[in-house]
Protein chains: 2
Amino acid sequence: MTTEEKVKQYREWVKKCSAYEMALTIIEIDKMTVAPPAGSAYRDERTAILAGELFALQTDPKIVELIRELRDARLDEDTAKMIELENKELDKIINMPQDFFVAFRQLRSNSYTAWLEAKKAKDYRIFEPYLKQLIEYSRKSYEYRQDTRPVYDQMLDDYEPGMTMQDYDVFFAQVKERLVPLIREVTRAKQVRTDFLNREYPVSLQKEFMEEVLSYLRFDPSWGYQNETEHPFTSGTSRNDCRTTTKYLPDNVASAVLSTVHEVGHATYGHDVDEKYDGTIIAHAISSGMHESQSRLFENYLGRTEAFWSVLYPKLQAIFPEQLQGITAKEFTDAVNASSPSLIRTEADELTYPMHIVIRYELEKGLFTGTIGTDGLDQTWNRLYKEYLGVDVPDDSRGILQDVHWSDASFGYFPTYALGSAIAAQVMHTMRQSLDVDECLRTNRFDQIVDWLRENIHHWGGRYQANEILKMVTGEPFNVKYYLDYLEEKYRTLYGIE
Amino acid sequence: MTTEEKVKQYREWVKKCSAYEMALTIIEIDKMTVAPPAGSAYRDERTAILAGELFALQTDPKIVELIRELRDARLDEDTAKMIELENKELDKIINMPQDFFVAFRQLRSNSYTAWLEAKKAKDYRIFEPYLKQLIEYSRKSYEYRQDTRPVYDQMLDDYEPGMTMQDYDVFFAQVKERLVPLIREVTRAKQVRTDFLNREYPVSLQKEFMEEVLSYLRFDPSWGYQNETEHPFTSGTSRNDCRTTTKYLPDNVASAVLSTVHEVGHATYGHDVDEKYDGTIIAHAISSGMHESQSRLFENYLGRTEAFWSVLYPKLQAIFPEQLQGITAKEFTDAVNASSPSLIRTEADELTYPMHIVIRYELEKGLFTGTIGTDGLDQTWNRLYKEYLGVDVPDDSRGILQDVHWSDASFGYFPTYALGSAIAAQVMHTMRQSLDVDECLRTNRFDQIVDWLRENIHHWGGRYQANEILKMVTGEPFNVKYYLDYLEEKYRTLYGIE
């Protein structure tokens with residue numbers, strides 16, 4: 001077979017895989033949004049059959065051989081990148097025994113159930129034996145890869161290619177050094193008024209306002225659809241089919257809007273990836289940190305600014321004239337930026353959020369480098385919350401059991417959440433040099449911001465690693481300084497701290 | 001291989017097929033309800049790949065041989081019925097050349113586009129060459145079956161096993177004989193007041209009322225979900241996952257409710273099929289006429305009665321106090337039963353509806369027995385509308401081009417719509433002898449009606465043909481008398497005709 005024929009065969013295989021991936025994605029979206037719960041056993045059993053068919057397709061020895069062979073062939077740059085990424089994915093699964101794969105999957109399923117139970121009972125001891133096993137199995141799963149790097153480095157690399165413990169150690173040390181004292185100062189300063197955010201805001205009227213927000217953000221119904229779920233997420237089948245969800249709270253006017261702005265950041269990234277990568281591994285290979293950088297950029301660096309609300313706040317006030325009577329756009333914007341150390345990561349404000357991640361990173365690192373065990377991990381958790389955020393954890397449900405991630409063995413994922421915010425700061429710094437962002441926001445020209453992001457970042461998809469893109473766009477590799485300067489300046493101003 | 005092993009292998013194949021069928025169903029529901037339109041090319045291409053995978057699975061020579069062999073094996077009655085139905089399905093596709101299959105599929109796709117265009121241009125001549133080809137291809141597709149019956153008999157049998165032209169000729173002759181004069185009398189009688197149905201009814205409030213309707217009908221969110229689409233339909237993946245859609249009109253208070261009652265009739269049937277048939281061909285093999293009998297029974301024989309509205313009308317009036325001021329439940333019920341000959345089948349009332357079907361049946365029969373050609377078919381259409389309904393067809397869009405069915409080569413389907421209404425009448429007649437239906441409706445005990453239908457009809461799924469079930473339930477084969485007596489009595493009373 002000539003290289004050309006091999007590439008053709010590879011492309012056909014990609015398309016066939018993408019058909020199964022599309023089916024699984026739509027089934028998952030359906031399940032999360034509207035599928036009747038009593039039908040889940042029937043659906044789940046059949047979904048597993050389809051997932052098995054896809055796995056068989058992905059590990060078909062003939063295609064594995066082809067992909068291995070293409071590694072050494074002369075290919076155009078895009079195809080070469082695809083083959084590089086495919087080989088990396090194959091390395092992850094190819095030596096894993098089927099038995100182990102099934103047992104690990106079963107363990108994760110059982111652990112999720114145990115986690116739900118433990119969280120309900122507010123008792124870490126119920127979950128602890130599962131966590132111990134999850135760590136063992138995770139460790140084992142990396143042994144099959146025949147990679148000599150420390151296991152936690154490999155985990156970090158899975159979510160953010162190129163990042164290591166050494167990199168994150170430097171990053172989080174700087175975060176702690178600057179933010180722990182700043183958070184203390186903010187806590188002691190005169191507080192920002194937020195009471196009006198939590199008046200009664202009927203959901204049907206919030207939905208009316210959401211139409212304005214989606215239109216402002218250029219979330220176009222021809223390629224995007226928003227639904228409602230308990231936990232908002234973004235998914236989709238192609239660049240022209242991006243789905244987001246949001247959650248409305250009747251006693252919080254800002255929650256659904258900001259979560260929507262966040263998810264539309266993800267969706268816009270997905271939509272903007274170059275058409276030629278649609279359905280290929282390059283479209284899927286955007287790192288967690290890069291993806292999160294765009295959702296955070298939308299939510300925090302745009303969605304929480306006065307310029308953003310200068311267009312939307314008058315419309316919001318017109319829909320809720322009583323609830324927002326006498327509240328200026330400035331007061332409203334200040335309120336959605338207010339900071340206060342709290343217990344729950346997903347509800348944390350922009351300033352304290354990274355500290356929640358620091359804690360999780362330090363625990364994960366300790367667990368996989370062997371300096372920390374699962375026994376008494378809840379106590380360590382609580383101690384760190386007191387030390388970094390100054391809060392007392394009242395029970396495990398609002399402590400170590402709050403996140404679902406560990407029950408699914410998603411170790412190494414959390415750090416990308418903080419990384420995303422920091423990457424966004426660096427990108428924003430560059431964007432502001434060539435684009436009057438506030439002017440775009442004030443004149444309802446959000447499309448110009450999207451254009452800039454698409455041309456500089458989004459269209460690449462996963463063609464380059466985060467650090468490569470950052471260097472191309474900002475002229476330097478990842479630099480935490482922009483993030484910490486931004487937070488410092490923003491919160492010193494907001495709280496009138498010298 | 002022992003018979004037992006063969007059956008086990010057959011069952012495994014059924015489950016695997018059902019996984020693909022589930023995926024295709026969910027993808028279709030997603031497409032019809034929420035999927036962003038710009039993503040359809042990507043999705044459709046991959047959906048075709050999955051459909052191809054399913055087709056390959058269904059025509060796998062090894063499984064075909066197995067199913068053929070099991071035809072002669074000693075099997076329990078349920079399995080024997082499944083194998084009988086599987087063999088019948090295989091006969092339909094097994095001799096069809098792949099090329100022809102693909103070409104026919106392409107023709108239907110092109111014909112749909114041409115139909116849309118023709119309908120928009122109100123010009124049958126645009127669609128006529130496609131219709132001609134659709135008839136040729138349909139005829140050809142039946143030739144591959146090596147079945148000696150007339151082709152239109154085979155078509156009728158596909159939608160309603162056991163029914164022939166001879167049966168329908170008798171049926172429709174009686175329908176015409178009794179209804180054509182009755183419709184003339186109703187048209188000449190003093191008309192029923194309906195103006196209040198078409199006042200302004202905000203959709204958000206209609207949705208509020210719909211919650212009451214769905215709860216009254218025992219459409220349980222644990223196994224059922226209702227969405228909105230331009231053309232309401234019912235679908236689902238299993239007995240515990242039944243989806244319906246409806247369409248709200250802001251200037252019609254009855255439309256969405258009655259279409260919902262209709263679709264919930266279909267969904268209830270799907271939900272009530274015995275668990276042991278879930279995912280098997282027996283659950284899928286319910287004939288069009290039997291299925292339609294239950295949706296019509298819900299919509300017309302229950303949903304248009306005074307007893308039904310005795311519970312729901314006060315709630316409707318409470319939600320729309322101005323629009324329905326001074327209108328009694330009796331006046332409201334009379335209005336939703338009003339009859340007036342019209343042009344469009346899908347908007348026709350209960351009395352004139354079957355005449356729309358008679359016309360389509362006579363044309364289809366003529367087309368396939370060779371007494372009618374496609375040339376000038378629009379003129380024949382218009383002549384029959386004048387003769388049977390007394391209306392003048394102003395253009396092809398409101399005439400021969402109104403229905404999508406022929407563009408998809410769904411010949412033989414229309415007659416089951418009328419048959420369903422007639423079957424429902426016979427079932428109702430029997431049900432009323434053992435159950436006080438009106439009392440159930442008046443006391444909010446719709447569940448008792450559902451119980452009766454499940455125990456007598458629904459639980460069987462497609463285990464028996466319509467005529468077999470009718471004989472078991474009513475003690476006699478299909479008898480059109482119940483239907484015509486019902487319509488005659490109902491409309492003579494409503495319009496005060498002697």
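So that the names make sense, note that chain A is the first sequence line, chain B the second, and so on, each numbered from 1.
- Counting heavy-atom pairs closer than 4.5 Å to chain B, the top residue among A/P37, A/G224, A/C242 is A/P37.
- Crowding of A/F55 atom CZ: a count of heavy atoms from other residues, nucleotides or ligands under 6.0 Å exceeding 12.
- Contact annotation for B/P221: only backbone heavy atoms (N, CA, C, O) come within less than 4.5 Å of a heavy atom of chain A.
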Check: Does the side chain to side chain contact (heavy atoms under 4.5 Å, CB included) test come out yes or no for B/M22 and A/I49, once each step is laid out?
Finding: CA-CA 11 Å; B/M22 179 193 81; A/I49 291 173; over 6 Å; no
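- Interface remark: B/T47 contributes backbone and side-chain atoms alike to the contact with chain A (heavy atom separation under 4.5 Å).
- Other residues, nucleotides and ligands contribute at most 12 non-hydrogen atoms within 6.0 Å of the NZ atom of A/K16.
- Between atom CD of residue B/E53 and atom CG of residue A/L50 there is a gap of 10.5 Å, rounded to the nearest 0.5 Å.
- In the displayed structure, B/R199 atom CZ is contacted under 6.0 Å by more than 12 heavy atoms of other residues, nucleotides or ligands.
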Next item on the list: Assess whether side chain to side chain contact (heavy atoms under 4.5 Å, CB included) is satisfied between A/R243 and B/D30, documenting all intermediate values.
Entry: CA-CA 12 Å; A/R243 321 282 182 101; B/D30 179 78; 2.8 Å; yes
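- For the atom pair B/T237 OG1 and A/I27 CD1, the distance stands at 9.0 Å (nearest 0.5 Å).
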Next item on the list: Could you walk me through whether B/D241 and A/Y42 pass the side chain to side chain contact (heavy atoms under 4.5 Å, CB included) test, one step at a time?
Entry: CA-CA 9 Å; B/D241 180 1; A/Y42 183 97; over 6 Å; no
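- By the neighbour-count criterion of 12 heavy atoms within 6.0 Å, atom CD of A/E322 is sparsely surrounded, having that number or fewer from other residues, nucleotides or ligands.
- In B/E5, the CD atom is crowded: over 12 heavy atoms of neighbouring residues, nucleotides or ligands sit closer than 6.0 Å.
- We find that A/E45 and B/K15 are joined by a salt bridge, their nearest charged nitrogen and carboxylate oxygen being less than 4.0 Å apart.
- A distance of 10.0 Å separates CD in B/E208 from OG in A/S204, rounded to the nearest 0.5 Å.
- Here the straight-line distance linking atom CD of B/E21 with atom CZ of A/R46 works out to 9.5 Å at 0.5 Å rounding.
- Contact count versus chain B (heavy atoms, under 4.5 Å) is highest, among A/S18, A/A23, A/G236, A/G279, for A/S18.
- In this structure, chain A has no heavy atom under 4.5 Å from any part of B/D220.
- Residue-environment remark: CD (A/E275) stays at or below the threshold of 12 foreign heavy atoms within 6.0 Å.
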